[in-house]
Protein chains: 2
Amino acid sequence: MPKTGLTSEQLKQKAIACTIERMRKFGYEKVRLSDIAKDLGVTHAALYSHFADKAALFDAVTEKWLLDVDEKLAAHCDPSKNPLECITNWCVELHKAKREKVQFDPELYRAFNFCAQIDKPFVQHHISTMRLQLKELVERALAQKLIRGDAQEIVEQILDATTSFHHPSLVVYFIEQDREPALRKLLQVLFRGLK
Amino acid sequence: MPKTGLTSEQLKQKAIACTIERMRKFGYEKVRLSDIAKDLGVTHAALYSHFADKAALFDAVTEKWLLDVDEKLAAHCDPSKNPLECITNWCVELHKAKREKVQFDPELYRAFNFCAQIDKPFVQHHISTMRLQLKELVERALAQKLIRGDAQEIVEQILDATTSFHHPSLVVYFIEQDREPALRKLLQVLFRGLK
DNA sequence: TATCTTACAAAACTTGCCATTTGTAAGATA
DNA sequence: TATCTTACAAATGGCAAGTTTTGTAAGATA
């Protein structure tokens, strides 16, 4: 029985959208609950019926972006294609996702780094989803004898070796350069080494 | 013609030592020039005859540590030994150097991260020294046909692939774990891939 | 009964002032 | 003449006031 004409879920989504807009415009430090509430036509206290606290609202923004990334990555897990190519494209996609966020949405990206603490459940979910996706690709490559070794160990090696292409601090540091070719070459060397 | 009985260089070194001691004890934010000066038995203004400003004193501390690291790494460049083993030990040494700094000297490490901007000449010097050392090892490995490819490209690949083992943010993140075995295995895979 | 408002308490963030620290200049000393 | 001191100016840091923002509780409304 809402008073706003919106369901709880709709209001949540609208609140998230408003938050993103204000983060983009003014930076996340300047996002005020009263402003968000004003945009939605309610008082700030009403937001507490939908979000536990301000952090939960920010978390929702981050979660949304992480789910987007998971989806983008999932598109490269097509079982009909060559697994090694899939892994390469998967890593390149991850690299690009982080890169584009930094480049085209720097304010949102700062918010993301501020919020995305490793211990939060939705971050854990994102990480384990990524590991699962990558592990499946690796297992497929192992099944087709394209590489050899222990699946889990190889997953960690790929993630470790490509850290400089997807870790936030490093993506920022190299933001000027087009490092996609270097990433592709590095993966080729890795795959050769795992054969 | 010093009034302190010390040469400029000696006083500089003493100032650096006092700075390190105070950084360790109280954190770098609380290092006061007047305290350093008191330790040396001069007024704070006297320090400006030896250091351009406070930042220059802090830089000298960082430079000292980087030169130490360069020296440690140089010890693994012995031409009589197997180049691939040297590269492995070199990378492990780099990993350990960063790790130990974080673990046993966290205050000094914070100071280091505060000071070590990439654009400072002594940081540039450190980086180019490291690249030179590694390039020589790679060239030796190429000469002995242990691996194949372009020396400079391989240097960058090794540094990229091992970023997660020596980049400050990541070293901190994994500080609990003993990742030396993982680093060694990763390098083995890389070397196989470069054969 | 979930969602909202009003009213209020707690926490975090400004603002302005004073104390400390950093940096400079002019001159003393070895 | 390089190094140092004294004296001073500029910048920074810390604290206490008031203000804004966040979070809570009690009750209204659909």
Side-chain angles (χ1 to χ4, degrees), chain A residues 1-62 107 110-111 113-115 117 120, chain B residues 1-62 107 110-111 113-115 117 120:
Chain A
M1 297 109 173
K3 297 187 190 177
T4 51
L6 300 170
T7 68
S8 177
E9 191 51 35
Q10 287 175 320
L11 192 139
K12 263 189 185 176
Q13 291 306 321
K14 231 183 146 183
I16 293 171
C18 290
T19 305
I20 291 176
E21 197 187 322
R22 285 187 175 274
M23 279 179 170
R24 283 214 178 94
K25 268 194 196 157
F26 311 113
Y28 70 87
E29 301 96 330
K30 295 196 179 148
V31 174
R32 301 281 117 90
L33 289 184
S34 46
D35 296 329
I36 306 291
K38 205 174 286 170
D39 290 348
L40 303 180
V42 294
T43 63
H44 83 275
L47 290 173
Y48 287 86
S49 299
H50 305 280
F51 299 95
D53 52 21
K54 193 182 180 182
L57 173 59
F58 278 29
D59 281 356
V61 170
T62 305
E107 273 309 327
R110 285 199 319 120
N113 280 330
F114 175 75
C115 297
Q117 303 302 323
K120 296 201 175 156
Chain B
M1 297 110 173
K3 297 186 192 178
T4 50
L6 299 170
T7 68
S8 178
E9 191 51 36
Q10 287 175 321
L11 190 139
K12 264 190 185 175
Q13 292 306 320
K14 232 182 144 181
I16 293 171
C18 290
T19 305
I20 291 177
E21 196 187 321
R22 285 187 175 275
M23 278 178 171
R24 283 216 179 93
K25 269 193 195 158
F26 311 114
Y28 69 88
E29 301 95 331
K30 295 196 178 148
V31 174
R32 301 283 117 90
L33 290 184
S34 47
D35 295 330
I36 305 292
K38 205 174 285 169
D39 289 350
L40 303 180
V42 294
T43 64
H44 83 275
L47 291 172
Y48 287 86
S49 299
H50 304 279
F51 299 95
D53 52 21
K54 193 181 181 183
L57 173 59
F58 279 28
D59 281 356
V61 170
T62 305
E107 274 308 326
R110 287 199 318 121
N113 279 330
F114 174 74
C115 296
Q117 302 303 323
K120 296 201 175 157

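Per chain, numbering begins at 1; letters A, B, ... match sequence-line order. When reading the values below, keep in mind they use all heavy atoms of this one structure, side chains included, and skip hydrogens, waters and symmetry mates.
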* Would you please test B/L57 and B/V31 for side-chain contact (heavy atoms from CB on, under 4.5 Å) and show each step? => CA-CA 11 Å; B/L57 173 59; B/V31 174; 5.6 Å; no
Rounded distance in Å - [atom1] ([X]) to [atom2] ([N]):
X: B/L47; N: C/dT24; atom1: CG; atom2: C1'; value: 14 Å
X: B/F51; N: C/dT22; atom1: CZ; atom2: P; value: 14 Å
X: B/Y28; N: C/dT21; atom1: OH; atom2: C1'; value: 17 Å
X: A/L40; N: C/dT3; atom1: CG; atom2: C1'; value: 14 Å
X: B/L33; N: D/dA11; atom1: CG; atom2: P; value: 17 Å
X: B/K54; N: C/dT24; atom1: NZ; atom2: P; value: 14 Å
X: B/D35; N: C/dT22; atom1: CG; atom2: P; value: 8 Å
X: A/K12; N: C/dA2; atom1: NZ; atom2: P; value: 14 Å

* To do: Take B/L33 and B/Y48, measure what side-chain contact (heavy atoms from CB on, under 4.5 Å) needs, and give me the verdict at the end.
  => CA-CA 10 Å; B/L33 290 184; B/Y48 287 86; 3.3 Å; yes
Determine: side-chain N/O of [X] to OP1/OP2 of [N], distance under 4.0 Å, yes or no.
X: B/S34; N: C/dT20; result: no
X: B/H50; N: D/dA2; result: no
X: B/T43; N: D/dC4; result: no
X: B/S49; N: D/dA2; result: no

* Does any non-hydrogen side-chain atom of B/D39 lie less than 4.5 Å from one of B/R22? ->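 They are in contact (side-chain heavy atoms under 4.5 Å apart), so the answer is yes.
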* Going by atom types only, do A/S8 and A/H50 share a side-chain donor-acceptor pair under 3.5 Å? ->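 Yes.
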Pairing nucleotide - [N], Watson-Crick or G-U, each distance under 3.5 Å:
N: C/dG16; value: D/dC15
N: D/dT22; value: C/dA9
N: D/dA30; value: C/dT1

Side chain of [X], heavy atoms from C-beta onward: which of [options] has the nearest atom to it?
X: B/S8; options: D/dT3, C/dT5, D/dT5; answer: D/dT3
X: B/Y48; options: D/dT22, D/dT3, C/dT22; answer: C/dT22
X: B/L11; options: C/dA7, D/dA7, D/dC4; answer: D/dC4

* **Salt-bridge criterion met for A/E107 and A/R110 (N-O under 4.0 Å)** => yes
* To do: To the nearest 0.5 Å, tell me how far A/L47 CG sits from A/D53 CG.
  => 11.5 Å
* If you round to the nearest 0.5 Å, how far is CZ of A/F26 from CG of A/D35? ->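 That separation rounds to 8.0 Å.
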* To do: May I ask you to decide if B/L6's main-chain N or O and B/E9's side chain share a donor-acceptor pair within less than 3.5 Å?
  => no
* Structure fact -> Whether each nucleotide of nucleotides 8-14 of chain C has a protein heavy atom under 4.0 Å at its base (B), only at its sugar-phosphate (S) or at neither (-) is summarised, 5' to 3', as -------
